[in-house]
Amino acid sequence: MGRRWGLLVGVLGAVWLLGSGQGGRQPAESAAQRCFCQVSGYLDDCTCDVETIDRFNNYRLFPRLQNLLESDYFRYYKVNLKRPCPFWNDISQCGRRDCAVKPCQSDEVPDGIKSVSYKYSEEANSLIEECEQAERLGAVDESLSEETQKAVLQWTKHDDSSDNFCEADDIQSPDAEYVDLLLNPERYTGYKGPDAWKIWNVIYEENCFKPQTIKRPLNPLASGQGKSEENTFYSWLEGLCVEKRAFYRLISGLHASINVHLSARYLLQDTWLEKKWGHNVTEFQQRFDGILTKGEGPRRLKNLYFLYLIELRALSKVVPFFERPDFQLFTGNKIQDAENKMLLLEILHEIKSFPLHFDENSFFAGDKKEANKLKEDFRLHFRNISRIMDCVGCLKCRLWGKLQTQGLGTALKILFSEKLIANMPESGPSYEFHLTRQEIVSLFNAFGRISTSVKELENFRKLLQNIH
Ligand code: FAD
């Protein structure tokens with residue numbers, strides 16, 4: 001009896017404490033409601049709602065996307081994890097075992113993937129080489145039609161494109177290595193505290209169009225914050241133009257997604273015999289419970305859905321590029337490559353059928369000169385964020401941080417590329433618009449991460465239903 005009474009008092013006390021955290025008496029909500037009740041309905045700046053995304057992602061897209069990402073083409077990602085941090089030099093490698101990245105031995109990666117310039121089919125590649133050589137010699141092979149000559153010369157130039165939102169990783173550097181993403185999964189690493197905060201802080205404070213005078217709510221590197229900072233921050237955000245607000249929400253969505261993953265693949269048990277990874281509900285609540293985070297957690301989860309919609313729209317827009325007959329997911333295994341292309345197109349057509357796509361036409365509209373300036377600012381800020389990834393002290397976090405910013409940068413390039421806007425979709429695939437293998441691998445893997453986060457939210461919702 002005594003123990004039961006103690007437990008009851010404990011539970012009542014906890015409910016009261018949580019209720020009083022928001023400054024008043026609150027009806028006792030379940031743990032699931034506290035994380036998710038505000039994560040429902042319509043998303044700001046969009047015509048889409050959370051429930052439609054959940055249904056679409058969890059049952060129609062997620063399983064097939066996971067299959068695709070397990071294929072050789074998508075699992076090997078070339079990355080330079082040794083690039084120096086361009087912003088400060090006191091970066092300490094955290095040295096934790098779970099931060100280590102195991103690169104591939106050279107014989108593990110299929111030759112087709114390693115052959116440097118494979119972007120398209122074998123025929124297309126040899127054309128590129130011919131044209132590059134002809135160009136160097138000051139002549140173009142006359143046996144090619146004029147149209148093909150023009151197109152092929154364009155292909156060779158695309159990597160310098162001013163459409164890029166990311167600083168390209170120097171994958172030709174001897175320091176760049178292939179990493180098998182399946183063997184180095186994104187999960188809890190223990191990277192935390194001031195080093196991790198510094199990275200997030202620089203990202204938000206210096207790159208999200210935010211004036212110094214406006215404080216981010218709950219910033220661990222700022223002292224003595226209260227309700228008024230929160231109000232100032234959100235009225236500042238609401239007063240921004242839609243593009244700058246979107247920028248903040250994309251970064252916050254990415255941050256939320258990373259934190260969902262580390263809560264879903266948390267190190268639960270670490271003995272010399274085995275390591276056990278799984279859902280850590282307490283970790284999730286600390287980051288996303290509406291009361292424990294003073295309302296911030298649910299807002300962050302909504303930003304994650306916003307990011308999902310942006311990447312989904314980019315994928316739907318770039319379908320004609322992948323439909324080109326000369327496009328292959330080339331690894332050298334003809335049968336497998338053809339099957340993978342079929343699966344890729346199936347996924348892309350499913351994505352195209354999504355009924356409530358984000359409308360990117362509301363971005364960079366209005367006065368052309370001003371819109372172009374804003375777009376350029378947007379691009380430069382995002383490029384800066386991709387460079388900050390070289391300052392992340394945990395290599396595993398750096399790997400996934402680089403991949404996901406490159407993937408999001410590729411999505412933005414697709415959404416706002418003039419070449420794509422001018423040529424797709426009505427007039428068919430444009431040969432002026434290109435994506436490198438790096439961009440393709442990062443685009444799909446980054447979207448795979450957000451898709452996994454949305455699926456994990458369903459898992460956490462179920463786990464939290466059993467807790468009060
Ligand atoms: P942090 O997540 O460090 O956040 C700092 C502050 O930012 C918070 O106090 C809060 O005020 C605010 N904030 C938090 N979330 C949001 C949001 N979504 N939107 C807006 N503001 C927010 N750890 C791993 O275990 N595995 C990984 O793979 C991993 N990858 C990382 C990749 C990068 C690029 C970085 C910078 C960090 C990564 N980390 C990873 C660390 C992880 O993101 C956290 O920094 C760490 O767990 C400490 O969390 P925290 O609760 O102290 O707050």
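Atoms within each ligand, like the ligands themselves, are counted from 1 in listed order. All residue numbers in this chain count up from 1 along the given sequence.
If you look at Tyr73 and Phe444, their ring centroids are not closer than 6.0 Å. Ring to ring, Phe288 and Phe460 are not that close: their centroids are 6.0 angstrom or more apart. Under the 6.0 Å cut-off for aromatic ring centres, Phe363 and Phe358 qualify, their centroids lying closer than that. His381 has its ring centre less than 6.0 Å from the ring centre of Phe209. Checked against the 6.0 Å centroid criterion, the rings of Tyr204 and Phe233 do not qualify as a close aromatic pair.
Of the listed residues (Ser263, Pro220, Ser252, Cys208), the one carrying the non-hydrogen atom nearest atom 18 (N) of ligand 1 is Ser252. Atom 31 (C) of ligand 1 has its nearest heavy-atom neighbour, among Gly401, Cys397, Cys394, in Cys397. The heavy atom nearest to atom 10 (C) of ligand 1, considering only Arg265, His255, Arg300, is found in Arg300.
For the 3.5 Å distance criterion, the side chains of Arg313 and Ser316 qualify, holding a donor opposite an acceptor.
Numbered from 1 in the order shown, with element, the atoms of ligand 1 that lie under 4.0 Å from a heavy atom of Ala196 read 45 (O). Atoms of ligand 1 lying under 4.0 Å from at least one heavy atom of Arg216, given by number and element, are 7 (O), 12 (C). Proximity to Ile199 (heavy-atom distance under 4.0 Å) selects the following atoms of ligand 1: 36 (C). The Leu262 neighbourhood of ligand 1 comprises atoms 23 (N), 24 (C), 25 (O), 42 (C), 47 (O), with distances under 4.0 Å to a heavy atom of that residue. Residue-ligand proximity, Tyr191 to ligand 1, at heavy-atom distances under 4.0 Å covers atoms 23 (N), 37 (C), 38 (C), 39 (N), 41 (C), 46 (C), 47 (O). Residue-ligand proximity, Ala256 to ligand 1, at heavy-atom distances under 4.0 Å covers atoms 18 (N). Near Gly190, the atoms of ligand 1 lying under 4.0 angstrom from a non-hydrogen atom of the residue are 25 (O).
The closest approach between a heavy atom of Arg187 and any atom of ligand 1 is below 4.0 Å. Residue contact annotation: Gly253 has no non-hydrogen atom under 4.0 Å from ligand 1. Heavy-atom distances between Met389 and ligand 1 reach below 4.0 Å in at least one pair. For Glu186, the heavy-atom gap to ligand 1 drops under 4.0 angstrom. Note on ligand 1: Gln286 sits outside its first shell, no heavy atom being nearer than 4.0 Å. Distances shorter than 4.0 angstrom occur between a heavy atom of Tyr188 and an atom of ligand 1. Close to ligand 1: Tyr248, with a non-hydrogen atom less than 4.0 angstrom away.
The part of Pro217 lying near ligand 1 is the backbone, judged by heavy-atom distances below 4.0 Å. Residue contacts with ligand 1 for Trp400 are absent, since no atom lies close enough (heavy atoms, distance under 4.0 Å).
The salt bridge (Lys or Arg N to Asp or Glu O under 4.0 Å) with Asp98 is formed by just one residue from the set Lys192, Lys275, Arg187; it is Lys275.
Figure legend: Arg379 and Phe416 shown without cation-pi pairing, the cationic atom not lying both under 6.0 angstrom from the six-membered ring centre and within 45 degrees of its axis.
Cys397 has its SG atom 2.5 Å or further from the SG atom of Cys99.
Of the charged side-chain nitrogens involved, none lies within less than 4.0 Å of a carboxylate oxygen, so that Glu370 and Lys373 do not count as a salt-bridged pair.
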- Message: Pair Glu283, Arg287 - check salt bridge (charged side-chain N to carboxylate O under 4.0 Å, His left out), show working.
- Response: CA-CA 7 Å; Glu283 186 74 28; Arg287 293 170 190 276; 2.8 Å; yes
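Ring orientation note: the planes of Phe247 and Phe382 are nearly perpendicular, at an angle over 60° on the 30°/60° scale.
Ligand 1 has an N or O atom lying under 3.5 Å from an N or O atom of Leu218, backbone or side chain.
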